[in-house]
Amino acid sequence: MSALHELSLTALADAIAAGETTSRAATEASLTRLKAIGPKVNCVVLLEEDKALAAADKADAARKAGKPLGRLHGVPLAHKDLFYRSGRPCAGGSKIRQGFVPDKTATVLNKLDAAGALDLGTLHMAEFALSPTGYNEPYGHARNPWNTDHVTGGSSSGSGAAVAARLVSASLGSDTGGSIRHPAAMCGLTGLKPTWSRVSRANAMPLSWSLDCIGPLARNARDCARLMSIISGADAADPTAARLAVPDYETALSGGLKGVTIAVPGNYYYEHVTAEVKALLDASLAALRERGAKTVATTAPDMSLVNALMIVVMAVEAAGIHRNWLATRPDDYADQVRSRIEPGLYYPATRYTEALSLRAKIAAEYLATAMKGADMLHLPALSIPVPTIAETTAGDPAAVAARIGTITHCTRGINYLGLPALSVPCGFAGGMPVAFQLVGKPFAEALLLQAGDAYQRVTDWHTRAPAMAV
C-alpha cells in the first residue's frame, strides 16, 4: 500500500474500513504533516490534536468490534475556518472575529461526523472569504505548494494548500464567486461548487446568502462524489436547502461519456486565455471526446450584465452582514476587503431587488444560449498561468485590480446563475497547475462528476503532487 498521505480520500477510507491501516495511523500521519509542512504554506489555523487522536482510537475500536461503519469512518480531515463547531474558535480569516466561539456546529460538519470522519481543526482562508487569490493581510497569505511565491487561489486558500500538499486527503470550502474553484484550479485539485441550495449553509459564516455554496476540494472526482453524497440534502436548520433526493454520486461514475454533449462557448471566456492555457484546454476536450462525449461550439450571452448584477447582489448582502463592523471597526479590515464591501451600503434597494428578480430569467437565457441543448459547458477555470503573490498585491493598483479581475473572469457569473461547476486539473503552465471547469444545469452534479471522473481515467494530472508533498 502507498504511504498514507499519498492515498486519496476514498482510497484511505476504504483502507481503514478493510483493516489495511488504522484511523490512528492516518491521523498521526496527517497531524505530523500539518505541523511540519503547514507553516511552509501558511495553511493551518488550529489543530485539535488530543481530540483527534482520541476520536481515532474510538474509530478503530468501533471497527474492531464490528460496528457499522460510515463511508468516511476514521478518515482525518480539516476544513476552512468558516464552518462553526460548537466551542471552537472561528475567526473567518479576520481580526474582527478573532476570539469568536460559536455555540452551534455547521450542518456539513455534523454530516461528516455522522459518516465517521474526524475533524483535525481549521484551515486558513482569505479575510471574510473576500479574495480570489487567498489574500489575507492580518495573518499572511497562504502559499501555493507548487511554488510558494505564487497564490493559492481563494478564498478557500488553506483548504487548497493543505490538500495539494497531501496534509489531508480532502477539505470543505465555500464558493461565492469562485472560492472553491480558484484554489482547486491553482493547486491542481478537483473542486465542486454545487448548485445553490444543494448543500446546507447552516452555521457557516456567510458572505452573501443568495450566492454562497459549500462544496469539496479533493484529489479527484470520485473523492468529491463521496463527499457530496454525504453533505448534500435538506436541512431543517437551513430553509433554503433543497429538499430534492440526494443521489449516490459515487455509484454514478460509469467511466464513459457516450451520449453526452459538451458545449464550448467561443467568445467571452476566451478573452484572456493565453496560448499555453488554450493548448491544455483543447487537449482536455480531446480527452473528453475520447471517452465518448460530443463537443459543439456555442456563444455566451452578454456576461457584462451577469457580472454587474452578481457584484450588486454580493456587495449588498455582504454589507448587510458587515454594516455594524464597518461603522465601528473600519480599520480592522484590509483595504482590499473593505473596498469590496462598502459599495453595498450605497446601492439603492431597487437595484438589489432588480438583480434578484432577473436571476431566473437570465439563467434560463444563459442555458439556452451558452449550453444550447448540450448537457454541460466546458470553460477555462483560470485564463492565465497562476500569478505570483507579488503580482496580485504590489505595484500599480489598477494593474493589480485588472489581474484580480482576470482571475474571476470565468467563475463569478456562475454563482449569480446558481449553476453547479466542477474544476478539473488538466496540465501545467510555467510549472503551475491549469484547469478547466465543467458547468451543468441545476442539480446536475452527478453528470459533472461523471465527466470529471471519465477524464481522470485517461489522464494523470490529478495524481501529480508538488515536491514538498513527497
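Model, not experiment: these values are computed from the prediction.
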Taking the six-membered ring of Tyr347, is the NZ or CZ of Arg351 close enough (under 6.0 Å from the centre) and on axis enough (within 45°)? no
Between Glu445 and Ser232, do the side chains contain a donor N or O and an acceptor N or O under 3.5 Å apart? no
Cut-off 3.5 Å, side chains only: do His141 and Ser157 have a donor facing an acceptor? no
Quick one: does Trp196's side chain have a donor or acceptor within less than 3.5 Å of a partner on Cys213's backbone? no
If the test is ring pair (Phe, Tyr, Trp, His ring centres under 6.0 Å), which one of Tyr269, Tyr455, Tyr270 qualifies with Phe436? Tyr455
Non-hydrogen atoms of Val108 and Ile214 that approach each other most closely: CG1-CG2, 4.0 Å
May I ask you to check whether Thr10 and Asp223 show a side-chain donor-acceptor distance below 3.5 Å? yes
Rounded at 0.5 Å granularity, tell me how far CZ in Arg329 sits from OG in Ser94. 8.0 Å
Heavy-atom check, side chain of Arg412 versus side chain of Met303, under 4.5 Å: no
Would you say Tyr416 and Tyr366 make side-chain contact, with heavy atoms under 4.5 Å? no
Could you walk me through whether Leu438 and Gln450 pass side chain to side chain contact (heavy atoms under 4.5 Å, CB included), step by step? CA-CA 11 Å; Leu438 298 172; Gln450 179 187 337; over 6 Å; no
Where Ser169 and Leu9 come nearest, the two heavy atoms and their spacing: OG-CD1, 3.4 Å
Are the side chain of Lys193 and the backbone N or O of Leu419 linked by a donor-acceptor pair below 3.5 Å? yes
Within a 6.0 Å radius of atom NZ on Lys372, are there more than 12 heavy atoms belonging to other residues, nucleotides or ligands? no
Over 60° means perpendicular and under 30° means parallel, so classify the ring planes of His409 and His272, tilted if in between. perpendicular
Using modelled atom types only, decide if a donor and an acceptor are shared between the side chain of Asn42 and the backbone of Tyr139 within a distance under 3.5 Å. yes
Within a strict 4.5 Å, meaning less than it, do heavy atoms of the Ser210 and Val313 side chains meet? yes
Side chain to side chain contact (heavy atoms under 4.5 Å, CB included) evaluation trace for Ile389 with Asp149: CA-CA 6 Å; Ile389 292 172; Asp149 289 334; over 6 Å; no
I'd like to know if the side chain of Thr295 reaches the main chain of Ile262, judged simply by a donor and an acceptor atom lying under 3.5 Å from each other, with no hydrogens or angles considered. no
Report yes or no: does Asn144 contribute a side-chain atom to a donor-acceptor pair with the main-chain N or O of Val151 at less than 3.5 Å? yes
Min side-chain heavy-atom separation Pro206-Ile321 under 4.5 Å: yes
Identify the heavy atoms of Pro265 and His378 that sit nearest to each other, and give their distance. CD-O, 3.9 Å
Does a side-chain heavy-atom distance below 4.5 Å link Asp238 with Thr107? no
Pro425 versus Pro433: any side-chain heavy-atom pair under 4.5 Å? no
Keeping the roles fixed (side chain from Asp212, backbone from Ser208), state whether a donor-acceptor pair exists under 3.5 Å. yes
Can any side-chain N or O of Tyr135 pair as donor or acceptor with the backbone N or O of Gly154 at less than 3.5 Å? no
Only residue of Val168, Leu217, Leu109 satisfying side-chain contact (heavy atoms from CB on, under 4.5 Å) with His79 is Leu109
Let's go through Leu257 and Met376 carefully: what are the C-alpha distance in whole Å and the side-chain angles of both, what is the deciding distance for side chain to side chain contact (heavy atoms under 4.5 Å, CB included) to 0.1 Å, and is it a yes or a no? CA-CA 12 Å; Leu257 291 175; Met376 65 184 71; 5.6 Å; no
Would you say Lys80 and Ser156 are linked by a side-chain donor-acceptor pair, where the criterion is simply a distance under 3.5 Å? yes
Which heavy atom in Gly452 sits nearest to a heavy atom in Leu422, and how many Å separate them? CA-CD2, 4.0 Å
Show the nearest heavy-atom pair for residues Ala78 and Ser171, with the distance to one decimal. O-OG, 2.7 Å
Is there side-chain contact between Ser159 and Leu172, with at least one heavy-atom pair below 4.5 Å? no
For a 4.5 angstrom cut-off between non-hydrogen side-chain atoms, does Leu449 reach Leu192? yes
Could you tell me whether Glu48 and Arg88 have a side-chain N and a carboxylate O separated by less than 4.0 Å? yes
Okay, side chain of His150, backbone of Val386: is any donor-acceptor separation there less than 3.5 Å? yes
Counting distance only, does the side-chain N/O of Gln456 pair as donor-acceptor with the main-chain N or O of Ala221 below 3.5 Å? yes
Over all atoms of both residues, closest heavy-atom pair of Tyr333 and Glu127: CA-OE2, 3.4 Å
To the nearest 0.5 Å, what is the distance between CZ on Arg243 and CG on Asp235? 10.0 Å
Ignoring hydrogens and angles, tell me if any N or O in the side chain of Ser423 forms a donor-acceptor pair with the backbone of Thr190 under 3.5 Å. no
Could you go step by step and tell me if Arg403 and Ile384 meet the side chain to side chain contact (heavy atoms under 4.5 Å, CB included) rule? CA-CA 9 Å; Arg403 187 168 291 277; Ile384 58 175; 3.7 Å; yes
Is it true that, when you exclude Arg289 itself, more than 12 heavy atoms of the residues, nucleotides or ligands shown sit nearer than 6.0 Å to its CZ? yes
Let me know which of Asn136, Asp81, Leu46, Val44 forms a side-chain contact (heavy atoms from CB on, under 4.5 Å) with His124. Asn136
